[in-house]
Asker: 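Have a look at the structure that comes next, please.
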Amino acid sequence: MKYWLMKSEPDVYSIDDLAHDGKTMWDGVRNYQARNFMRDQMQTGDLVFFYHSNAEPSGIAGIAKVAGKSYPDPTAFDKKDVHFDPKSKKEAPTWYLVDVAFVQKWKQVLALEEIKKIKGLEGMLLLQKGSRLSVQPVLEKHWKILTRGGRV
DNA sequence: GCCAACGTTGGC
DNA sequence: GCCAACGTTGGC
């Protein structure tokens, strides 16, 4: 079992949208590192912090889980989609995604500002200056600290 | 809306 | 293969 953090702008897709949909395709990721995590390392059942970026406040909004094996991102093949990428061919897809399912919404977003104050999160990717990675692994010890107190 | 930090692109 | 220019991310 691995742990992850996935960023989404709530104006585009929020934890409430996921709660409503139950499950969603995590499409549109166009960063190789993020893709590699989804394609090669995510396993069904892995837990995910749903992170609101560019938000008021930015922070962890709840928990989701990986709902299946990775597969090619269909939006890369769709000329009309904003995430269309002519380089990605159906025979050799460039971009992959996983389905993500809703687990829980936290009563309150755990704001980045608060996360920064929590002891024991040294080395967490999210807190590294300039880390824009939208899909990133979370160490189990960091996961445990951040979920302490059952922040449901 | 600003801007620093990145990643990508493309000329050479 | 270098690196400047450009585009994007995301906190503030």
Side-chain angles (χ1 to χ4, degrees), chain A residues 2-21 23-42 46-66 70-139 141-143 145-149 151:
Chain A
K2 291 196 171 73
Y3 300 94
W4 306 95
L5 181 145
M6 297 170 89
K7 297 178 185 172
S8 180
E9 299 195 22
D11 290 346
V12 178
Y13 197 88
S14 72
I15 188 86
D16 289 320
D17 293 320
L18 184 60
H20 174 264
D21 296 342
K23 194 172 97 165
T24 194
M25 288 194 304
W26 204 265
D27 60 18
V29 171
R30 296 293 179 263
N31 170 282
Y32 288 101
Q33 242 187 310
R35 177 207 66 184
N36 291 347
F37 286 132
M38 290 201 289
R39 188 187 61 183
D40 307 331
Q41 293 199 39
M42 282 191 177
D46 283 356
L47 291 171
V48 178
F49 284 133
F50 194 111
Y51 184 89
H52 282 177
S53 60
N54 265 317
E56 216 31 75
S58 290
I60 298 171
I63 295 177
K65 67 182 175 191
V66 177
S70 65
Y71 57 96
D73 182 343
T75 65
F77 307 130
D78 182 356
K79 278 202 175 71
K80 294 190 294 294
D81 197 280
V82 284
H83 299 298
F84 174 65
D85 181 357
K87 293 195 303 301
S88 186
K89 307 288 181 212
K90 285 204 170 141
E91 321 82 72
T94 308
W95 304 112
Y96 282 75
L97 55 70
V98 293
D99 286 342
V100 164
F102 178 75
V103 174
Q104 66 180 211
K105 177 187 174 179
W106 287 355
K107 279 182 190 154
Q108 210 180 333
V109 171
L110 179 60
L112 180 60
E113 195 186 349
E114 296 302 317
I115 296 172
K116 286 177 179 166
K117 292 180 196 158
I118 298 172
K119 294 268 190 291
L121 296 180
E122 291 76 17
M124 192 176 176
L125 280 175
L126 180 70
L127 302 180
Q128 274 165 33
K129 202 184 171 197
S131 170
R132 304 179 309 174
L133 198 55
S134 67
V135 175
Q136 50 182 261
V138 174
L139 294 177
K141 64 176 179 180
H142 292 161
W143 180 276
I145 290 169
L146 286 162
T147 51
R148 196 164 46 199
R151 223 178 291 273

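So that the names make sense, note that chain A is the first sequence line, chain B the second, and so on, each numbered from 1.
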Asker: Mind jotting down which residue pairs meet the salt bridge (Lys or Arg N to Asp or Glu O under 4.0 Å) criterion with at least one end in residues 48-59 of chain A? Sequence neighbours excluded, please.
Answerer: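 Counting only pairs at least two positions apart or across chains, no salt bridge (Lys or Arg N to Asp or Glu O under 4.0 Å) contact touches residues 48-59 of chain A.
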Asker: Sequence neighbours excluded, which residues qualify as ring-ring contact (aromatic ring centres under 6.0 Å, His included) partners of Tyr3(A)?
Answerer: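 Scan of Tyr3(A) (ring-ring contact (aromatic ring centres under 6.0 Å, His included), adjacent residues dropped) gives Trp143(A).
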Asker: In whole angstrom, what separates Ile115(A)'s CD1 from dC12(C)'s C1'?
Answerer: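 Rounding to the nearest Å, CD1 of Ile115(A) and C1' of dC12(C) are 16 Å apart.
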Asker: For Asp27(A), which residues count as a salt bridge (charged side-chain N to carboxylate O under 4.0 Å, His left out) partner, sequence neighbours excluded?
Answerer: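 Salt bridge (charged side-chain N to carboxylate O under 4.0 Å, His left out) list for Asp27(A), sorted by chain: empty.
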Asker: Using a 4.0 Å heavy-atom cut-off to protein, can you give one letter per nucleotide of nucleotides 2-11 of chain C, 5' to 3': B if the base is in contact, S if only the sugar-phosphate is, - if neither?
Answerer: -----BBBBB
Asker: Could you pull out all residues at least two apart from Tyr51(A) that satisfy ring-ring contact (aromatic ring centres under 6.0 Å, His included)?
Answerer: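 None.
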Asker: Show me the donor-acceptor pairs within less than 3.5 Å that the side chains of residues 32-41 of chain A make with the rest of the protein, sequence neighbours left out.
Answerer:
| from | atom 1 | to | atom 2 | distance (Å) |
| --- | --- | --- | --- | --- |
| Arg35(A) | NH1 | Thr94(A) | O | 2.9 |
| Asn36(A) | ND2 | Tyr32(A) | O | 3.4 |

